[in-house]
There are 2 protein chains.
Amino acid sequence: MMTANVNCGHSNGTAEMQKMCISIVPIFNHLEQAEMNEIVKHTHSVSYPRGHTIYHEGDTSDGLYIIHKGRVKIYRLSENGKEQLVRILESGDFTGELSLFNETVHDAYAEAMGKVELCVMSRDDFQKFLLKYPAISLKVLGEFSNRLAKTEKQAARIAMETTDSRLAMYLADLAEERNSDRINLPMTRKDLASHIGTSPETISRKLAEFEDAGWIRQLGQREIEILDMDALLLI
Amino acid sequence: MMTANVNCGHSNGTAEMQKMCISIVPIFNHLEQAEMNEIVKHTHSVSYPRGHTIYHEGDTSDGLYIIHKGRVKIYRLSENGKEQLVRILESGDFTGELSLFNETVHDAYAEAMGKVELCVMSRDDFQKFLLKYPAISLKVLGEFSNRLAKTEKQAARIAMETTDSRLAMYLADLAEERNSDRINLPMTRKDLASHIGTSPETISRKLAEFEDAGWIRQLGQREIEILDMDALLLI
DNA sequence: ATGAAACCTTGACCTCCGTCAAGTTTTCAC
DNA sequence: GTGAAAACTTGACGGAGGTCAAGGTTTCAT
């Protein structure tokens, strides 16, 4: 049984949290203080435990979810029940938008990777704000266009690159994002495998190969140091 | 009303044609007549021959392209020079948007599949209209959300389904889209292969298998009749 | 209409990597 | 802290499908 802790904005602490929630999200935090306060009134906070499914494929969309604390993984299931990890959301990211515009049902799953705190806004309120503050639309369009570019790139990679390349590119992307040669895999081998279209065993083997070749060093199960980025990307 | 055919060479086309262009695009055709006229003033028409590259990966974005007549294929190149077909644009579709919001350079190629006629709007004008008419933003958001959903689905398929399934699902999608059991492949084996992440040879072989199994009938090189959709999707 | 170029098909080969299995290590709930 | 469950590693095996090649068919520009 889920033990969701739903707050509807009556306590000071919670109002404070919702305000924070809005103020950390790129799509809202460019607004005037008064405007943000108005938006805060139309959100409520929710907290879920590790493993809780926030929405299912097929659920009707109930709104926009903004991650305040914790991480959420978005995944899909194929016909035969295999899971593919689509992306991981962190503080300041949002989801639920896809079904806000055209579809009315979700086409993926959202699951709490640890304890998470979310701010939720209803579909109707969100659309109202988009029309009232056109600048928000531009922010959301920017975010969508980023995601679309990333997803198309990912699809192209899975379709055309070898498994070695895909893994190497994933590591390189992560290193660039974190701006460091020491990276921490944000997920299990199984999830990573499903993300780049291979099997957990293959991930283990390839990482071992990379290490033998002197391109990386595995420090822990999750921590990796990249020693020779160029060689890695030449595979 | 639809007397505005061809005749726009490489320079500006007739006002009539540009008007048509705007009136067939879902993101604009919901506007009032006067508003559309205003937008028409800020577009110009262009025509390109078969095979012409409309924009290159790395080009700086010069604006929004709306397809008036003909078809345009969007593709990417991998490191090793392999091509992946991302999607095919038809009359009423638009492209160039990705680089309109965040990136300033294109990350893919656009090529005319036959003679095409386009209407072009500058990046600045487009952004101005988005702010002036918030309803346009909602339309574009809807279009983006569709594309994102489609692309994520595609990525998940390539990552997790067998080649048979991917081809079968592609045929099924096409049949549903066209609402008929007789479908015409909109592209060559090579392009289809790159789209679903396999090789042209494998496409030939699988289609032959499907035919032997009695699930489809190949009428011409491009025309296919689906005989047993259920069997096809059970692969 | 006609030749050249692009496209499609079929065969043979062979490699990559997915799957199963068994053992080890790490994580997590109590 | 402790035991159970989840996650990871390594090995062996087999099959799906990529690649190369050669020959037939369609398309297209002139």
Side-chain angles (χ1 to χ4, degrees), chain A residues 1 3 49-52 71 73 78 80-85 111-115 157-168 184-212 216-224 235, chain B residues 49-52 71 73 78 80-85 111-115 157-168 184-212 216-224 235:
Chain A
M1 268 301 157
T3 51
R50 170 196 180 79
H52 181 84
R71 300 194 307 150
K73 82 172 173 183
S78 70
N80 54 43
K82 272 193 185 171
E83 173 179 325
Q84 196 223 10
L85 188 144
E111 184 188 312
M113 295 180 77
K115 188 186 177 224
R157 273 187 192 174
I158 302 180
M160 295 166 5
E161 308 286 351
T162 63
T163 303
D164 304 74
S165 287
R166 270 144 43 206
L167 180 54
N184 235 292
L185 298 181
M187 58 183 109
T188 64
R189 300 277 191 273
K190 181 169 151 283
D191 282 344
L192 177 52
S194 85
H195 185 57
I196 67 175
T198 183
S199 66
E201 292 92 334
T202 297
I203 301 261
S204 275
R205 283 189 256 265
K206 299 287 178 196
L207 286 179
E209 278 176 32
F210 291 178
E211 189 161 28
D212 287 349
I216 67 169
R217 243 177 39 147
Q218 300 192 63
L219 305 168
Q221 274 193 176
R222 295 291 183 88
E223 199 169 3
I224 290 177
I235 298 173
Chain B
R50 170 194 181 82
H52 182 85
R71 299 194 306 151
K73 81 172 175 186
S78 71
N80 55 41
K82 270 193 190 176
E83 175 179 324
Q84 196 222 12
L85 188 143
E111 183 187 312
M113 296 182 78
K115 188 181 178 226
R157 273 187 192 174
I158 301 180
M160 296 166 4
E161 307 286 351
T162 63
T163 304
D164 304 74
S165 287
R166 267 138 53 203
L167 180 54
N184 236 292
L185 298 180
M187 57 183 110
T188 65
R189 299 280 191 272
K190 180 168 151 283
D191 283 343
L192 177 53
S194 85
H195 186 56
I196 66 175
T198 183
S199 66
E201 293 92 332
T202 296
I203 300 262
S204 274
R205 282 190 255 266
K206 299 288 180 193
L207 285 180
E209 277 175 32
F210 291 178
E211 189 161 26
D212 286 350
I216 66 169
R217 244 174 41 144
Q218 300 192 64
L219 304 167
Q221 275 194 174
R222 296 289 184 87
E223 199 169 3
I224 290 177
I235 299 174

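Chain A is the first sequence line, chain B the second, and so forth, proteins listed ahead of strands; every chain is numbered from 1.
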Let me know the distance between CD of A:Q84 and P of C:dG18, rounded to the nearest Å. 14 Å
In this structure, how many angstroms lie between the P atom of D:dC8 and the CG atom of A:L192, rounded? 9 Å
Counting distance only, does the side-chain N/O of B:R71 pair as donor-acceptor with the main-chain N or O of B:G114 below 3.5 Å? no
Contact between A:K206 and A:T198 at the side-chain level, heavy atoms closer than 4.5 Å - yes or no? no
Check whether any side-chain N or O of B:T163 sits under 4.0 Å from OP1 or OP2 of D:dG17, and answer yes or no. yes
Between C:dT27 atom P and A:D191 atom CG, what is the distance in whole Å? 15 Å
Quick one: does any side-chain atom of A:E211 pair with a main-chain N or O of A:Q218 as donor and acceptor, under 3.5 Å? yes
Pick the closest DNA chain C nucleotide for A:R222 and for B:M187 by heavy atoms, then say which residue is nearer the 5' end. B:M187
Take atom CG of A:L85 and atom C1' of D:dA7, then tell me their distance rounded to the nearest Å. 16 Å
Between the main-chain N or O of A:I196 and the side-chain N or O of A:R157, is there a donor-acceptor pair closer than 3.5 Å? no
Between D:dA16 and B:K206, is there an OP1 or OP2 to side-chain N/O distance shorter than 4.0 Å? no
B:D212 CG to C:dT10 C1', in whole Å, measures 12 Å
Determine the contact category for A:S199: base if any of its heavy atoms lies under 4.0 Å from a base atom, sugar-phosphate if only primed atoms, P, OP1 or OP2 are that close, otherwise nothing. base
Look at B:K190 and C:dT9 and indicate whether a side-chain polar atom (N or O) is within less than 4.0 Å of OP1 or OP2. no
Rounded distance (Å) that lies between atom P of C:dC16 and atom CD1 of A:I203: 17 Å
Of B:E201 and B:D164, whose closest DNA chain D nucleotide lies nearer the 5' terminus? B:D164
Can you tell me if B:R205 touches the phosphate of D:dA16, counting only side-chain N or O atoms and a distance under 4.0 Å to OP1 or OP2? no
To the side chain of A:Q221, which of D:dT19, D:dA7, C:dT10 is closest? D:dA7
Are A:S204 and A:R189 close enough that some pair of their side-chain heavy atoms sits under 4.5 Å apart? yes
Does A:T162 make a side-chain N or O approach to OP1 or OP2 of C:dC16 shorter than 4.0 Å? no
Would you kindly give the CE-to-C1' distance between A:M113 and C:dC28, to the nearest whole Å? 15 Å
Whole-Å distance between D:dT9 P and A:E209 CD? 13 Å
Check the phosphate of D:dG18 against B:T202, side-chain N and O only, distance under 4.0 Å to OP1 or OP2. Yes or no? yes
